[in-house]
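What follows is a short report on a single structure.
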Amino acid sequence: MKIGSLKNEEGGEVKLQSDTAVSYSSTDGAGLTTFVKSTPVKDTSLKGQVAVFADESPIVAGNYTLDVSGADSIQIYYEPDVKFEAGLYKGDTKMEEGTIEGGAYTVKVGFVDQLSGKYIKSSKLLGEPKYTVSINGETQELTGKDGASQSIDVEVDGESLELTADVNYLKDYTDSASYTFKVCTLDINVDAFKSANLKTLEDGANQITVEATRNGQPLTKEQWDAATLDVVSVNKDGEEFGIQWDVQKGSEVSTWIVTPKYKKGGMFSTETGQADVTINVSAEIDGDGYGKAETVSVNIKDDKNIVDYLKRYWKHIVISLLLLILILGYVPPFKKRFARSIKKRPSIECSAEKIGLRDNVMKGNFEKDLASRLLPYVPETGRLTFSPTPVKKTAKVRASGGGSMLILNTSAFAGKEEITFNGMSIQENEKGHHRISASTIIVVSTPEFTYTCIPNVQRTANGEIKRGKRK
């Protein structure tokens, strides 16, 4: 009989570590006993061979071919090259020995593939392992029906966690793993108001009380003094909520008082509506940093009224009203202005009354007083010269609205038959100011010429009426 090679599917050979021939025992029995009544007969036909195959690295899973010749029967024995492991997991993260926070965890026990480092889900080569898990002295047995690795959920609390796991597999194989964790659980209790009126924020009646605990007990004064509390608030759009938070230590150790305040000290700068307020406490305990956050929802009600707006914006309102009053002083009908059709250089038609003189066209003059133009509510004033030298006549005029204007120096023309306005002279006993318009025909008669001026008419060099540009 001969045992040859052990090859994998690719033809690679597993190293033959030893090859030993075996046969029947040449030693007689120990003799007859109470149970053995006759001497056993030696079977000199029993012969065989024992071969041990082993590589430097574990034999990987797969199909193998064993070359054996001349054997009546073959028996194969194996020793699993596996690593037993137990771990405490938070989600997919394995906790390293040291300090952990309390809460929900998963304990995984089982065999690990040494090539991939992952737990083996199932393997017939491992049989049905039996696991025993002890957590702080409380033991729980797990059968191997779910495969080569299993997990259980645990709730970690207290000051420490002692984890021990044992396994029994393939009848005679055992292994174990143990870990020790220190537990430090930082918790906060937030007692917040549900809603508050905007106008009551500054009185400090609306408060959020925060209490921190370590493993269910208040922080020590040293831990409390070193701890920090931060407040972040956002609105429904996830943007920063326009409000300020005053954080003060409470009267009891391990507590804080959080009070809402006006943003930048102003009620009108403070946002109203629903706010999600996140309280974050950070503490250093036994040299390690811990943090805990909790979010509460509060509603800041807008209870401002018209009186509040008047108090807040009275200066703006007064200034706006003054500006409005000032602006109105520059527009009709509050400010009376001259008609825009009056020409700065209105034409004066000179018609000769004596033989030897020729008709011609000269220029009059109209100018506004600058002060009357700049001052609000003051009617525009000016001077209209409607006849040339040597009979130069100038009327002091003031705008009176509706395109008309008043002659202020009426007495200078009263009782003068040679000066007419639309064919009428001013009576000598006329009181007050004489009213004319931009289209009034003003005529001054002398023995030499008759001078005719219409304030809104300007002629070209050839005597034609000059038309203004249409706007």
Side-chain angles (χ1 to χ4, degrees), residues 328-353 357 359-471:
L328 289 176
Y330 288 98
V331 297
F334 302 100
K335 183 176 180 67
K336 293 178 174 59
R337 295 184 179 276
F338 290 113
R340 296 177 63 184
S341 60
I342 300 178
K343 308 300 181 182
K344 290 184 178 180
R345 301 284 286 167
S347 297
I348 302 175
E349 298 181 34
C350 305
S351 300
E353 299 294 335
L357 299 177
D359 296 344
N360 59 50
V361 177
M362 301 185 72
K363 300 295 183 183
N365 186 65
F366 174 69
E367 59 180 350
K368 300 177 185 179
D369 295 329
L370 179 61
S372 69
R373 295 175 63 187
L374 297 179
L375 295 175
Y377 295 98
V378 176
E380 288 184 332
T381 57
R383 290 167 297 282
L384 173 64
T385 300
F386 51 83
S387 64
T389 305
V391 289
K392 182 178 181 181
K393 302 293 181 181
T394 299
K396 295 180 180 180
V397 291
R398 184 177 69 196
S400 61
S404 65
M405 52 187 169
L406 299 176
I407 298 177
L408 302 182
N409 58 338
T410 304
S411 59
F413 311 110
K416 304 291 180 67
E417 298 291 338
E418 70 277 13
I419 302 174
T420 63
F421 299 90
N422 283 336
M424 302 290 291
S425 60
I426 300 175
Q427 298 298 316
E428 189 172 2
N429 59 352
E430 183 173 336
K431 303 296 182 181
H433 306 310
H434 190 76
R435 185 180 299 275
I436 62 174
S437 69
S439 59
T440 296
I441 301 173
I442 305 174
V443 177
V444 179
S445 300
T446 67
E448 291 81 16
F449 288 94
T450 297
Y451 303 102
T452 303
C453 177
I454 303 175
N456 63 2
V457 174
Q458 188 175 19
R459 296 184 181 275
T460 61
N462 60 8
E464 295 181 356
I465 294 178
K466 186 176 182 181
R467 305 293 182 182
K469 293 182 179 180
R470 302 185 68 179
K471 296 185 179 180

(request) Output the distance between atom CG (Leu406) and atom NZ (Lys396), rounded to the nearest 0.5 Å. (result) 15.0 Å
(message) Working to the nearest 0.5 angstrom, can you tell me the gap between Glu349 CD and Arg459 CZ?
(response) 4.0 Å
(message) The test is side-chain hydrogen bond (donor to acceptor under 3.5 Å, both in side chains); show your working for Thr385 and Thr394 and say whether it passes.
(response) CA-CA 4 Å; Thr385 300; Thr394 299; 2.9 Å; yes
(message) If the test is salt bridge (Lys or Arg N to Asp or Glu O under 4.0 Å), which one of Arg337, Arg398, Lys336 qualifies with Glu380?
(response) Arg337
Flag the pair [X] / [Y] as yes when at least one side-chain heavy-atom distance between them is below 4.5 Å, and no otherwise.
| X | Y | result |
| --- | --- | --- |
| Thr446 | Glu418 | no |
| Phe421 | Ile407 | yes |
| Lys363 | Pro346 | no |
| Val457 | Lys343 | no |

Ignoring hydrogens and angles, tell me if any N or O in the side chain of [X] forms a donor-acceptor pair with the backbone of [Y] under 3.5 Å.
| X | Y | answer |
| --- | --- | --- |
| Ser387 | Lys393 | yes |
| Tyr330 | Leu374 | yes |
| Arg345 | Gly364 | yes |

(request) Name all residues meeting the salt bridge (charged side-chain N to carboxylate O under 4.0 Å, His left out) criterion together with Lys335; count only those two or more places apart in sequence or in a different chain, and write none if there are none. (result) none
Specify the closest pair of heavy atoms between [X] and [Y], including all atoms of both residues, with the distance to one decimal.
| X | Y | value |
| --- | --- | --- |
| Ser372 | Pro379 | CB-O, 3.6 Å |
| Ala352 | Asp359 | N-OD1, 2.6 Å |
| Gly382 | Asp369 | N-OD2, 3.8 Å |

(message) Testing Ile442, Val444, Ile426 one by one against Phe413 for a side chain to side chain contact (heavy atoms under 4.5 Å, CB included), which residue passes?
(response) Ile426
